[in-house]
Each structure stands twice: as C-alpha cells, then as structure tokens.
Amino acid sequence: MAIVTLQGITKKYGEVTAVHDFNLRTEDGEFVVLVGPSGCGKSTTLRMIAGLEAITGGELTIGDTVVNDLPPKDRDIAMVFQNYALYPHKDVYSNMAFSLKMRKTPRAEMDERVLRAAQVLGIEHLLDRKPRELSGGQRQRVALGRAIVREPQVFLMDEPLSNLDAQLRVTMRAEISKLHRRLGVTAFYVTHDQIEALTMGHRIAVMRDGLIQQVSTPTELYDRPANRFVAGFIGSPAMNFLRSRIDGRGEVLEVEDFRISLDDRRRQALARNDSSEVWLGVRPEDITLNPSDSGGENNITGTVELVEPVGPVVEIQVRIGESLVIAQIDRHAGVAAGDRISLALDPANIHLFNVGTGDSLLYGPGHRRS
Amino acid sequence: MRPMKWWKLYPALGVFLLFLMLPFYWMVLTSIKSRAELLNTPNPFWVFKPTFNHIVHLLTQTQYGEWFLNTLYVSVGATVLSVTVSYFAAYAIVRLRFFGARVLSTAIFLCYIVPPAILFIPLATVLIQLHWFDKLWALIPVYATFLVPFCTWLLIGFMRNIPRELEEAARVDGASHLQIMLGVILPLAAPGLISATIFSFTLSWNEYLYALVYMFSSANKTVSVGLTTELIRGDVFQWGQLMSGALLGTLPVVMVYFFFVEYYVAGMSGALKE
C-alpha cells in the first residue's frame with residue numbers, strides 16, 4: 001500500500017502533448033479511475049505510472065520514493081492489460097509465478113502465494129492449463145492473479161474488462177471492486193466506460209485532450225460537474241444542453257419560446273457570466289411530464305419524436321424548436337410518438353455553463369467546494 | 001468455402017505433382033542405370049538392370065564424403081550464426097524503437113536484393129585482404145552476408161505480430177531485456193525461427209557461386225561445386241555419379257523440410273500478415 005502523487009505530470013511526443021500538467025494525490029488504498037474518450041491521455045498516464053512510458057515533465061512519487069527514472073520492476077507495481085497479455089506458452093501457474101521467479105522467491109513460498117491468489121480468484125483448478133484453453137473470463141482472472149500474487153504497492157489496470165461480453169463485464173466489475181476492498185491496495189483503473197468509472201471508483205479523474213477536467217467522487221461528479229464536458233460525459237443518457245438567452249434583469253432564461261425562472265443561487269451565478277447567453281443543462285431524470293398543459297414558467301412544450309422503453313422508465317426524445325431533449329418519464333405515462341406534451345424542469349437541478357469556456361457557473365473553477 | 005469437386009482439384013494437383021517429381025524421378029533413374037543403359041535404352045523412363053555402381057564409385061573413388069561433410073559444416077555454421085544474429089537484430093528493430101529503426105529495417109531488406117553475382121568480386125577482395133581465401137570456415141561469414149538480411153526481414157515481420165503487451169507485462173514482472181528475449185519472446189517466435197532456419201540451411205546447402213570462386217582446393221569443396229568441377233571432365237559428363245551425388249545431396253534438405261514443414265508454413269504466414 002502506498003500514497004501515489006502525480007505532480008505536474010506531462011507527456012510529450014515531439015510537439016504533441018498527450019498529457020498536460022496532471023496533478024493528483026491518492027489516499028492510501030484508494031481506487032482511482034481515469035476515464036475519458038479515447039485519445040484523452042488516460043492510458044498514457046497509467047503507462048507513465050507503470051514506467052512503460054518515460055515522463056516528460058513533473059514528478060511521480062510512490063510511497064516516499066520519486067520513481068520518475070526507475071524501471072517498472074523497481075516501482076513495486078503490478079499491471080493488468082486490456083488483452084490480458086498472458087504468456088501463451090506457459091501454464092496458469094507459471095504465468096502467475098513469473099514475477100516471483102524473476103525475484104528469485106523460494107519455491108515453497110512461491111507455491112503458497114500462487115495458490116493463495118488462485119483461491120481468492122477461484123481458479124485453483126486451472127493452474128496446469130494453458131491460456132488458450134481458458135475462456136475470456138478465466139483469462140481475465142489469471143491476469144488479475146498474476147498481478148495480485150506479488151502483493152504490489154500499486155495496482156494498475158488498463159481497460160481490463162473491455163474484451164469481455166456485457167454480462168461478464170458486470171460480474172467482473174463487482175469482483176474487482178470486492179478484490180480491491182479485500183487487498184486494500186492503491187489502484188489506478190483506466191476505462192472509457194463511465195458506468196465502470198461510477199461504480200468502481202472512490203474517486204474519478206475525467207480527462208479530455210490530455211487535461212484533467214475534474215477529480216471527484218462519483219456522486220460529486222454526477223451532481224456537480226465542473227464543466228459542460230464532464231456533465232455530458234458522465235451519465236447515460238447524457239445531460240441535455242439548451243442554449244439560452246439571459247433576459248435583461250438576469251433572472252430568467254429564454255429557451256426557444258419558453259421562459260425558465262431561476263432560484264437565487266442560480267441568479268447570482270448568472271451575474272458572473274460574461275455573455276448574454278448561457279448553456280442550460282438538465283439531466284433526463286430531472287425533467288418531468290406536466291399533465292396539465294399549463295404553459296406557465298419552467299414549462300416547455302414540444303413534440304415527441306421517439307419513445308424508448310428501457311425497463312423501469314421510458315426515454316422520450318422531444319423536439320423543442322431547434323433542440324432535441326431527452327427525458328426519462330414514468331413507464332405508464334402513455335406517451336406516443338407525435339404527441340404534443342409539456343415538460344417541467346426541476347429548478348433545483350438546473351446546471352448553467354458558460355458558452356465560451358464551457359465551465360459551470362455553479363461548480364466550475366473558483367466555485368469548487370473543497 | 002464449399003469443398004471443391006474432385007475432378008476440378010485432382011487433375012490440377014496431378015500436373016503439379018508431375019512437374020515437381022519428374023526431375024527427382026529422373027535423378028533416381030539416372031543414378032541407378034548402368035553406363036550402357038544410360039546411352040542406349042528402349043525406354044528412357046525405366047531402368048531394366050539397376051546397379052549401385054555409381055553410388056559406390058562416388059563414395060569410394062571421389063572425395064564426395066568430404067564434400068558432404070564440408071557442406072554440412074558450412075550450412076549448419078552459417079545457419080546458426082545467421083539465425084542468432086537475425087533474431088537479436090529483429091528484436092532490436094521491432095522492440096527497442098531506437099532512432100532510425102524503420103530506415104534500418106528497409107535498408108536490411110535492400111541488402112537482400114543485391115545479387116551475389118554483383119557482390120562476389122568485391123567480396124573476394126575482402127577475403128584476400130583478410131587471408132581467408134580457400135579457408136572452408138570463411139564461407140560461414142560469407143553466407144551470413146545474404147542470410148542475415150533475409151532472416152532479419154523474415155523475423156521482423158514475424159515479431160511484429162507478437163503483442164507488445166507481453167513484453168510490457170514481463171517488464172512489469174521484473175524481467176530484463178535478455179530474459180524477455182529468451183524466456184518470453186523466443187518460444188513465441190519459434191515458428192519464425194524455424195522458417196528462418198530452414199531457409200538459411202537450404203540456401204547455404206545449395207549455394208554455388210561463392211563456394212566455386214572462394215574455395216579451390218578439392219578438400220574444401222562443397223557438394224554442389226565438387227560435383228560439377230570434379231565429375232565433369234571437359235565434355236565428359238559422368239551422369240551416373242553426378243546424379244547419385246545430387247540425389248544424396250538433396251537428402252538433408254528433404255529431411256529438414258519433412259520434419260519442420262508445418263512450422264515452416266506457420267512462419268511464412270506470420271511473415272506476410274501485417
């Protein structure tokens with residue numbers, strides 16, 4: 001176990017900056033998820049922690065040691081790769097024992113540690129098999145086993161579940177979380193799947209174009225996104241964004257032909273805006289169906305274009321002027337495509353983003369609660 | 001794919017087989033025909049009174065045994081040297097990502113394209129300077145000049161298909177470059193290495209030009225050179241002995257192919273898939 005500190009970590013490939021000024025300090029035993037779209041620098045960051053990529057700038061500390069110039073084997077880390085990277089010519093035992101063998105661990109201790117790790121993962125009956133004789137899930141377990149057998153200080157995982165089918169992914173997700181709780185080791189986990197990030201991470205670092213957008217707990221990230229990118233990336237279906245004009249007194253937003261009045265907190269936030277327009281963000285579950293088409297404030301009216309029952313709720317796409325809004329409504333509401341309906345936005349869950357920078361007026365830079 | 005109709009497949013295969021086997025059949029036939037039957041026979045495609053005289057004569061009256069051992073020595077030596085060097089070279093080019101690796105891999109391939117007929121005169125100068133002329137072992141580094149580029153190129157293609165993560169996993173596990181090369185990559189590169197071995201061995205075994213030019217004493221000749229220089233005297237072709245010698249000479253190559261043909265195919269497909 002160890003605290004990992006990334007201070008101003010930067011990676012450049014020639015002129016291209018892959019990761020810029022990455023700052024993060026983990027707690028001891030924390031599970032940190034790096035999430036973002038492909039090419040955002042999350043894997044590069046992980047590989048720099050592993051020592052597989054050289055660090056261009058900044059300082060990386062594991063425990064009390066600055067490890068910038070240490071090779072992977074001296075960093076006391078273990079890594080799980082997306083394609084498992086099991087040695088195909090070695091059986092499961094030898095795969096798991098490889099790192100111990102490289103460290104010249106005595107045979108008896110090696111046997112004991114491999115067996116213990118195999119029992120934790122429920123693969124002790126597979127020890128004499130070759131990787132090609134295993135299913136995807138079993139291979140994934142062996143890859144995890146190979147990592148935990150060494151009892152490293154830091155556990156690194158690079159999209160370990162993305163080669164599994166959907167059902168197995170959900171099972172393994174829970175298993176990795178339980179395994180982590182049991183081992184209590186500091187872990188970094190890279191994924192592009194926001195559900196994985198939300199379910200597994202103690203804290204989540206959302207990245208985009210090599211820059212950290214926000215580092216927060218799952219709840220915080222969902223409730224208080226710091227900018228429009230985070231708001232849109234976290235949550236499925238994604239948050240709706242409506243471009244709005246601010247009326248003269250700064251109290252009411254005009255969206256298409258509708259007027260949305262704001263609470264005090266949001267009015268104050270609007271005062272900090274530097275333009276006459278603002279992005280209004282609202283999550284699909286914060287939109288409700290307004291049975292009586294009252295046409296009052298905070299109501300918007302539009303035509304239903306698509307109705308998608310997804311189980312507990314129904315997702316509807318509603319055309320409102322130029323914009324398309326997705327809302328989650330009661331599955332018994334009886335809405336059909338083509339209907340003209342009225343929707344109410346929950347004023348307490350309205351987000352506001354600057355149209356230029358995309359920063360949240362409520363939770364963006366300078367407003368973050370520490 | 002639907003299975004092909006037999007009458008579409010077998011006639012074509014038959015023609016192919018005939019094409020491949022006819023020279024071999026002719027070789028066997030000639031080596032066991034008596035001198036009289038060679039020159040005068042009612043049916044040239046059959047032997048009526050087989051004899052082993054040519055083979056016995058070849059093995060007892062000429063230095064064929066010595067040539068055979070020479071060829072074996074040079075071929076094995078050149079193969080071991082070239083495949084080893086090529087493996088290290090290919091690993092370095094594919095995995096170490098050093099400056100100029102791409103250019104180097106292209107340059108290596110270009111080396112293979114240069115024909116021996118252009119190289120043999122400058123190479124002769126080099127051998128004379130080094131006092132390596134007419135020294136049998138000198139053929140080993142000489143053969144490496146065309147084997148190393150070919151094998152390196154073949155192994156580069158092969159090793160590009162071995163996932164990089166395997167090496168990275170081994171690095172995280174604490175293995176050194178040498179341990180990775182010998183313990184992790186080598187077993188996976190085996191089909192490629194076997195292809196390279198077969199190729200090197202065959203090319204060395206059949207090599208003619210360098211052996212002809214650089215080795216002149218009879219004791220240092222290889223099979224291909226020995227047969228054509230010692231058994232053809234002026235315009236007298238000792239066909240029976242020539243063919244016996246050629247027949248015996250193909251046996252090691254046939255055996256190498258026979259044992260490794262499956263790996264060989266796997267290696268070739270590995271080299272071509274990009």
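Letters A, B, ... mirror the listed sequences (proteins, then strands); counts begin at 1.
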Review point. Who wins among A:Val80, A:Asp158, A:Asn83, A:Leu86 for the most heavy-atom pairs under 4.5 Å with chain B?
Key: A:Asn83
Check your understanding: Aromatic rings A:Tyr189 and A:Phe31: how do their planes relate, parallel, tilted or perpendicular, breaks at 30° and 60°?
Key -> tilted
**Study point:** Polar side-chain atom of B:Thr145 near backbone of B:Pro141 as donor-acceptor pair, under 3.5 Å
**Key:** no
Review point. If you measure from OG on B:Ser204 to CZ on B:Phe146, what distance do you get to the nearest 0.5 Å?
Key: 5.5 Å
Study note, to complete from the structure: Cut-off 4.5 Å, heavy atoms of chain A, and the answer for B:Glu167 is neither
Check your understanding: Would the B:Tyr143 and B:Trp205 ring centres measure less than 6.0 Å apart?
Key -> no
Check your understanding: With a cut-off of 6.0 Å (strictly less than), are more than 12 heavy atoms of other residues, nucleotides or ligands near OH of B:Tyr25?
Key -> yes
Is it the side chain or the backbone of [X] that comes within 4.5 Å of chain B heavy atoms, both, or neither?
X: A:Tyr87; value: both
X: A:Leu156; value: neither
X: A:Arg47; value: side chain
X: A:Lys101; value: neither

